Number of protein chains: 4
Amino acid sequence: MEYVRDLLWRPGLTVKELVEQFSTTGFQSIELYKAAEIMVKMKREGAKVILSFTSNMGTSGLRGLFAQLIRVKMVDIVVTTVGAIEEDIMKAIGEKFYIHRFDTDDIKLHEDGMNRVGNLLISNDSYVRFENYITHVLDEIFRKSPRISVSSLLREIGIRLDDRNSFLYQAALRGVPVLCPAITDGAMGFHLYMARQRNPDAQIDIIEDFSTLLFSLSQEDKKGLIALGGGVSKHHAMLATLLSGGADYAVYITTSHASSGSMSGATTSEAKSWGKIKDDSDSVTVIGDATILFPIAVCYALDVLSKEGIVEGV
Amino acid sequence: MEYVRDLLWRPGLTVKELVEQFSTTGFQSIELYKAAEIMVKMKREGAKVILSFTSNMGTSGLRGLFAQLIRVKMVDIVVTTVGAIEEDIMKAIGEKFYIHRFDTDDIKLHEDGMNRVGNLLISNDSYVRFENYITHVLDEIFRKSPRISVSSLLREIGIRLDDRNSFLYQAALRGVPVLCPAITDGAMGFHLYMARQRNPDAQIDIIEDFSTLLFSLSQEDKKGLIALGGGVSKHHAMLATLLSGGADYAVYITTSHASSGSMSGATTSEAKSWGKIKDDSDSVTVIGDATILFPIAVCYALDVLSKEGIVEGV
Amino acid sequence: MEYVRDLLWRPGLTVKELVEQFSTTGFQSIELYKAAEIMVKMKREGAKVILSFTSNMGTSGLRGLFAQLIRVKMVDIVVTTVGAIEEDIMKAIGEKFYIHRFDTDDIKLHEDGMNRVGNLLISNDSYVRFENYITHVLDEIFRKSPRISVSSLLREIGIRLDDRNSFLYQAALRGVPVLCPAITDGAMGFHLYMARQRNPDAQIDIIEDFSTLLFSLSQEDKKGLIALGGGVSKHHAMLATLLSGGADYAVYITTSHASSGSMSGATTSEAKSWGKIKDDSDSVTVIGDATILFPIAVCYALDVLSKEGIVEGV
Amino acid sequence: MEYVRDLLWRPGLTVKELVEQFSTTGFQSIELYKAAEIMVKMKREGAKVILSFTSNMGTSGLRGLFAQLIRVKMVDIVVTTVGAIEEDIMKAIGEKFYIHRFDTDDIKLHEDGMNRVGNLLISNDSYVRFENYITHVLDEIFRKSPRISVSSLLREIGIRLDDRNSFLYQAALRGVPVLCPAITDGAMGFHLYMARQRNPDAQIDIIEDFSTLLFSLSQEDKKGLIALGGGVSKHHAMLATLLSGGADYAVYITTSHASSGSMSGATTSEAKSWGKIKDDSDSVTVIGDATILFPIAVCYALDVLSKEGIVEGV
């Protein structure tokens, strides 16, 4: 049996070295080490990787890391919510999101045209410029393809963005499908509604997206699932693994707990009862904020995998 | 300034009397009292009430309470996820969900054909009977209306259910729209996909649903928001209030915390920065499990409102 | 196997009736029902009951309920921290604690001489009047007994209080020991330090308290453990059950989760590995705020037990 | 205003470089960066640093890091609970703690003589060898000093340990007081009780420890507070800063939230209302597991401070 070892600082300690120490530290540090190792293993063994994340992670700087993961061929399918998509576009067209505080005067922010997401702010101006941009793009797309699935729409949008750090752009470039089961749940919903006023034949074909989900992973594939946060994106990613025989590898990083029976807090163990994750899978649930935990685990995994030549580029 | 009072048991204490004591107890008990009072106030002042809840609450016995709230005219619009809809249908056609444990052998459950949601179980058999039922119903609906919005589809399904404790049935009966922005994110998605194989013209028109969202609440309406749990249903309900000038009353009950910047943990205060809730609204965020907190607050509110003749029936 | 039932409101629903419905609702409501039933069972089967709670619960209105539980002979041993003791005394000498907000201007409160505990406030004036009172009492006690154990000190203090809703008073009256393993961790510590300046022989004999802990429960006793919140009071109560062969019944109510390996989040299951709780005990961990969950479970238990004549009085 | 930047992996990224990226990532990553910076600042500006941590962190590998922090003169006062002390001694005399799982069979562990703390295990054998060791040591100490304060007792124990990674040893070596307000709340309590049977004059003088607390920090000192987890150790550390005019710098790392009004979840803001932290202090509350968050922040701080020659050695 492995035992607890004293964790020690050394000058210039790398993230990889720290994660190695985490393997014998205790509590969530051990689970985080497992998550990092499972990410290594899923790529080493040739699994197709499905990554899900919630809207707020797109608001944060993780957005660039998601793009990088697609770029280095770490991720094969993306599932997210429309907030993350809107904000990826905003950032790609040059909008800045501001760093603020959790504890603040929200009425003052409202007067100042600032919309808060935790300790970050998105200005009304960013929404206005997003509207100007997307209105034009949607018209262009609907004129060409009046009836379009969500993933095709997102590929069409992504390919136009030309921002190395945009996950929509990188996904479009590399044929990675981006699934978004609730595309109307945000400003985008309003812009789609307005687009139909101008293009009465415009149709978002969500049933077509189900076949994308269904055929993006097969029974034969080794499958790796990385779910950051919970909600509909996590559930949808697990639906993809369920329909293709269950994930072989799974990493959940979430701040939610199992006690309320919610999807966000549902563990990798619970997923086994459904067949979403295989009984004999390598899987782990890590409790904590993904803006800290995910970069740590990913830096470890990419350091290992790049040395082995399994991921390419930086 | 109000001060803390000693809470005391009396034999046969009613929920209403306990909530009254909560007003001077401390911590979340005070917030729960506020939630109960705000629910009273929103109805007393004639607000239209939008209720959102997550899938797991449909799995639980809260499902009957949601139906009752529609029946007594406490709720005017419902937003939920497709899991809750599937399970409302299952229960309406006679399926039982079993009570189990959080701490269990999920591999054994998988072998036994049991799918776990926290400490509850849904059997594979229930999914099979749901498939048999919904396949038929979808064909019937698509033959009549090949292109249909989600809320119209759910009304068509609901009207067929004939179960007093089904929220889909009660909503259909009373013209309460049920919004579900990610209708394909579950078994229903698969059945819609199969229905299209049989009915090639079948289309789910999600853009049409956006106009339902847009026109179900107006700037002139007083608006009350009750969000149980988080995720896409909470976000979508808030989109409805945002587009109609902000909620006048808001109650959030959630187990998530604001610290991760997630929608599930976002507070009523954060919502003010967006204009989702009015600056001068009556609003409160209560932290805890909705299967306990919501019935307590609702029992208080309905006891008060039924005495005032504002809600009718039981 | 028991199955989920629809929860329904009825006018004038009692807490007991609601808890009965909770038994088939789902998630934490089921666990809360179990907690209520275990509390019934521990008394019905003649167990000695040890109740632990944290300082903030003494700040809240639960303090009166704790006193009532001692009064009706529901509780045989109390373990808490010095904050709860100081505040029980303050309330007994007439101090009021104010109801405020979680989200506030703490710098302003500091200027106003108000000390915040969540959404409650204790004024500096209350600390001043506590000092005046306790200074006198400590001198009186130390003159009589220069060397005294914590539980004896607290009995001496309690007997002087004469407030029906004081748990120190009720405990003193009925010979219920109050254990407080960190008596100096608060204002009391300072007053003990000052008392020694005036009474150089004053000694708090904490080793003597260990024998109180050791002999208050025996191997032969049936033992029931109710731990509200975590920390040193929970740990100390479990030390008492560990040393006497393990609790036969255990109810934990806490907002902490097991994932961090903390005592506050440690489950009843983990306690079995230590022998703090017997392997075949009736035990449950309920996640949530004790200011809501504990009164609900207690009202159910007392309603049942008073009908059976097992508890007396109100 | 600072804005969100895309976080990117680079091969061999150091912890320090990652924390620099965290400063513009979002949510808890930003708070963690602040924590790291505040730790730099408190040392750079000559503050006396008080570190508190809970028992489970002593169980984990953080124990070695705590010893290192004392060794490199980062920490001037330590506050913890008796569990951490017992386990520091066990490790110093050669005991191993095992790495296990959160989700396990606790009854089986009990039969195997294994005591679980989250995903770690301590064997009964370790407790037996601890008893053999401490029995002898306590007799030696009590024969020399029958009446002794807790901090003096811990210095006497520490000086005997001779383990570079023991925080008791390092503290004893460097004159860093270790405060433990509830010394009897664990196996140590039992051994103190047994020691008195052999040494009837043995007295633990906790009032004397209050003067250690009182005089270890002065109004004139700049004061830095680092509180890991909550409970009595956090409260006691804050009592030290309160009595000396308030901390100038404060970092809280905790998994608890403010909503329950508990000490463990109490924020640095709440502490300002009490004067435990100065109104104009640099302070931050980071939510998450200290076994991950603390090493990250400390590695950053030590990398910066060692380059500036403010901490010495490794």
Side-chain angles (χ1 to χ4, degrees), chain C residues 54-56 59-60 81 83 102 106-107 109-110 114-120 181-186 189-190 192-193 196 202-207 209-211 213-214 229-232 235-236 239 243 255-266 269-270 272-275 279 289-290, chain D residues 54-56 59-60 81 83 102 106-107 109-110 114-120 181-186 189-190 192-193 196 202-207 209-211 213-214 229-232 235-236 239 243 255-266 269-270 272-275 279 289-290:
Chain C
T54 52
S55 171
N56 58 325
T59 319
S60 83
T81 57
F102 282 100
D106 285 299
I107 293 173
L109 289 177
H110 189 212
M114 286 294 186
N115 305 291
R116 187 164 68 84
V117 179
N119 54 3
L120 305 179
I183 189 73
T184 57
D185 182 36
F190 185 73
L192 288 169
Y193 169 79
R196 174 177 289 176
Q203 271 294 340
I204 298 295
D205 188 347
I206 56 169
I207 299 180
D209 272 287
F210 201 86
S211 71
L213 184 81
L214 204 50
V232 75
H235 191 255
H236 211 59
L239 189 58
L243 292 167
T255 53
S256 291
H257 293 269
S259 47
S260 69
S262 71
M263 174 42 46
S264 300
S269 179
E270 182 176 305
K272 290 180 186 174
S273 75
W274 292 83
D279 291 352
D289 192 309
Chain D
T54 52
S55 172
N56 58 326
T59 320
S60 84
T81 58
F102 282 100
D106 285 297
I107 293 173
L109 289 177
H110 188 212
M114 285 293 184
N115 306 291
R116 187 164 68 85
V117 179
N119 54 3
L120 306 179
I183 189 72
T184 58
D185 182 36
F190 185 73
L192 288 169
Y193 168 78
R196 176 179 286 177
Q203 272 294 341
I204 298 295
D205 188 347
I206 56 169
I207 299 180
D209 271 287
F210 201 86
S211 72
L213 183 83
L214 203 53
V232 74
H235 191 255
H236 211 59
L239 189 59
L243 292 166
T255 53
S256 293
H257 293 270
S259 46
S260 67
S262 71
M263 173 43 46
S264 300
S269 180
E270 183 176 303
K272 290 179 185 174
S273 74
W274 292 83
D279 293 350
D289 192 309

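Not measured: the values here are computed from a predicted model. Below, chains carry the letters A, B, ... as their sequence lines are ordered, and counting in each starts from 1.
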Choice from C/G265, C/G275, C/G229 maximising heavy atom contacts with chain D below 4.5 Å: C/G275
Option that, when pairs with chain C are counted at under 4.5 Å, heavy atom only, ranks first among D/L109, D/L243, D/L214: D/L214
Per-residue contact mode, D/D185 against chain C (heavy atom under 4.5 angstrom): both
Salt bridge (Lys or Arg N to Asp or Glu O under 4.0 Å) involving C/D205 - partner list, sequence neighbours excluded: C/R147, D/R196
Region of D/S260 in contact with chain C, defined by heavy-atom distances below 4.5 Å: both
D/F102, part contacting chain C, at a heavy-atom distance under 4.5 Å: side chain
Whether D/F210 and D/H236 hold their rings parallel, tilted or perpendicular, with breakpoints at 30° and 60°: perpendicular
Which atoms of D/M263 approach chain C - backbone, side chain, both or neither, heavy atom under 4.5 Å: neither
Side chain to side chain donor-acceptor pair (under 3.5 Å) involving C/T81 - partner list, sequence neighbours excluded: none
Partner chain D: residue of C/G231, C/G189, C/S256 with the largest heavy-atom pair count (under 4.5 Å): C/G189
Between C/L120, C/I183, C/T255, C/V117, the one whose heavy-atom pairs under 4.5 Å with chain D are most numerous: C/V117
C/T59 (side chain) donor-acceptor with C/S55 (main chain) under 3.5 angstrom: yes
